[in-house]
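To find a chain, count down the sequence lines: A is the first, B the second, and so on, and within it residues start at 1. We use all heavy atoms of the structure for the numbers below, so side chains are in, but hydrogens, waters and symmetry mates are not. Please read all numbers here as calculations on a predicted model, not as lab measurements.
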Amino acid sequence: MPRDDASLVSRAPAKSRRDAAEMSNERVARVLDDVADMIDLGGEGTFRAVTYRAAARAIRDLREPLGVYRDQGRLTEIEKVGPSVSAVIVELLDTGTAKRYEELVARTPPGLLDLLRVPGVGPATARTIYENLKITTIEELEDAAREGRLQQLPKIQAKTAERILQSIEQLRRRSGRSLVHHALRDAGTVLAYLREHAPAARLEIAGSLRRMAETIGDIDVLAATEAPPRAVHDVFAAYPEVERVLARGETKTTVVLRSGQQVDLRTVAPASWGAALIYFTGSKEHNVRLRHVALTRGLLLNEYGLYRVGEESGPALAGATEEDVYGALEMSWIPPELREDRGEIDAALAHRLPVLVRRPDIKGDLHTHSDWTDGRDSLEAMARRAKQLGYEYVALTDHSISLGMAKGMTVDRIRERNAVLERLDRDLRPFRVFSGCEVNIRADGALDYEDEVLLLFDVVTASIHSAMHQPKDVMTRRIVGAMRNPLIDAISHPTGRLLERRDAYEVDVDELIRVSAETGCRLEVNGGPERLDLADVSVRRAIAAGAPLVINSDAHAIGELEWMEFGVANARRGWATAAAVENTKPLDAMLAHIERRRRSERPR
DNA sequence: GCCGTTTTCGGCCCGACTGTTTTCAGTCG
């Protein structure tokens, strides 16, 4: 979802009848989130805001459209949806807006919601800033901070003003790109619709989504058809989720969906399918290098095919499939995840591309959460789904004690939880269920638990959840300290970045890689679509240095276990083979690892 | 605003961290 969705104007509910009839769960959830923000800004009961936010989240987790719940009179069965919220939802579904929402909009200064997007600025600060300086835009906030006006306000001094300026800069660098799971969801529904209705021989997603890039710009859809492509484009433009058509030509249509996602459809003849798929998959840099390789052989490559220079109007040497085109250039076929001009073309010319890790290579997920802390499903539901997904084992790694927000586990609760896990472990054999923990690394570098408590677990991953603004050397020492404890198996989301939301904290990743290779403490490739941490380039450096990796979903609900796929894609983008990833190893290797850990057998 | 009873209000996740404060408010997760 593009970032500018966050502005008040673009987030306002749709007014037309047609929109109202089809207001999506996401759209309703966003209005409820706005209501919560505006309640906070107005200073009326914060718990009311908490409820709206909780309802929005529950709605995002629904598996059916809200319309179905309304029609069956089941709206109040949704968590946190009572009489008031359900009335708002019904109004939204029926009319596209709601009185409660309109009233709040009317008395909230336009643009004030935007101030909340600045990390470090919450409702109280936003209100102070507005009441004293009448500031309602991020631009005005920036000016005021630069001119020193901000720090004349109560509770705001130089340091706070400085932090606000930094946050605004971060915000500026955000690009309005979508996270991969959002883009994938939109792409899936578009593709399903086209496959059912459009007269096309082939349909595929191309572009950054096919390359499984960290974040996605437009969704590119490629269609092959013998017939004149007009009919395909007509069907596409009539897709019910289309909000507006930006461009409409003979072979290309660009639309914006209700979700805010832009989608391009292009059509080609089947004989050009492979060449077009390469061209529209990119990256641009990959294509440039590829065309250069073609030219050195006296060939010309474009989206229609591969030709001898000067014979572009004649028959193509290749073009129907990607394999044909790469083959005609005497190269191996290149997996889309590698097409970034980072050496893959030379490797393909030498037929020395690595065999990349695949999702079925993964034997177990070692970072998952249950409703014992901040997850949304039970230990049993998580374990059973993990088994269904074809793994040999799973570790439930709920949060440690200091994450109050996540109901961190006391020693008593750890023992109680272990009893449940032991029963599951017996019941689901030969599948194995391990007791794990995501232990917090505190500001001073200490772990939340003493070693004797860490020994209550089979699998422990450590991570940073607080004090993210420490200097680089302090932060690095903090993490390295955890890595040198042989009871710590891995470091989760090693840089703490949240894509499109928060930069990585200052940390010497190369030092983490070095210590990882030295101690065997693994570095996690986190599959959470808003983390994908480590970044692909760091994954590649880790592999080169011989640092052991582990790919995890960090799932907080059963549906999120499939985020493993994103972690695998990210590892592939970092050229990872199965051998570089520890949790591709089978159960007996995992059991041996747990046994070694129990005896603390690891270089420190 | 919801929830779950101790059925008609009181509690709602709560601790760490930061910056501004000498005891706490705001933000975050």
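OP1 or OP2 of B/dC2 lies within a sub-4.0 Å distance of a side-chain N or O belonging to A/Ser84. The phosphate of B/dG19 has OP1 or OP2 within less than 4.0 Å of a side-chain N or O from A/Arg163.
Relative to the ring axis of A/Tyr130, A/Lys134 places its NZ or CZ within 45° and under 6.0 Å from the centre.
For the P atoms, the distance from B/dC3 to B/dC13 is 13 Å, rounded to whole Å. Rounded to the nearest Å, the gap between the P atom of B/dC9 and that of B/dC14 is 24 Å.
Comparing B/dT18, B/dT20, B/dG1 by their nearest atom to the side chain of A/Val85 picks out B/dG1. Among B/dT20, B/dG1, B/dT18, the nucleotide with an atom closest to any side-chain atom of A/Gln157 is B/dT20.
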Discussion item. I'd like to know whether A/Val537 forms a side-chain contact (heavy atoms from CB on, under 4.5 Å) with A/Arg573, so could you lay out the CA-CA distance, the side-chain angles of the two residues, the decisive distance to 0.1 Å, and finally the verdict.
Written reply: CA-CA 8 Å; A/Val537 287; A/Arg573 290 175 58 80; over 6 Å; no
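Relative ring orientation between A/His556 and A/His399 is described as tilted, the plane-to-plane angle lying within the 30° to 60° band. A/His465 and A/His493 have perpendicular rings, their planes meeting at more than 60° on a 0 to 90° scale where under 30° would count as parallel. By the 30° and 60° cut-offs, the orientation of the rings of A/His367 relative to A/His369 is perpendicular.
Remark: A/Asp508 does not engage A/Lys472 in a salt bridge, criterion side-chain N to carboxylate O under 4.0 Å. Between A/Arg442 and A/Asp448 there is a salt bridge, with a side-chain nitrogen of the basic residue lying less than 4.0 Å from a carboxylate oxygen of the acidic one.
Figure legend. B/dT8 is base-paired to no nucleotide; pairs are counted as Watson-Crick or G-U wobble with both atom distances under 3.5 Å.
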Strictly under 3.5 Å: I want the nitrogen or oxygen pairs between protein and nucleotides 23-27 of chain B, one per line.
| unit_1 | atom_1 | unit_2 | atom_2 | d |
| --- | --- | --- | --- | --- |
| B/dG26 | O3' | A/Thr125 | OG1 | 3.2 |
| B/dT27 | OP1 | A/Gly122 | N | 2.5 |
| B/dT27 | OP1 | A/Gly122 | O | 3.1 |
| B/dT27 | OP1 | A/Thr125 | N | 3.1 |
| B/dT27 | OP1 | A/Thr125 | OG1 | 2.4 |
| B/dT27 | OP2 | A/Ala124 | N | 3.3 |

Distances under 3.5 Å between nitrogen or oxygen atoms of protein and nucleotides 3-11 of chain B:
| unit_1 | atom_1 | unit_2 | atom_2 | d |
| --- | --- | --- | --- | --- |
| B/dC3 | OP1 | A/Lys80 | N | 3.2 |

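B/dA16 atom C1' lies 10 Å from atom CZ of A/Arg442, rounded to whole Å.
B/dT8 takes the syn form, because its glycosidic angle lies no more than 90° either side of 0.
A distance of 8.0 Å separates OG in A/Ser463 from CG in A/Asp554, rounded to the nearest 0.5 Å.
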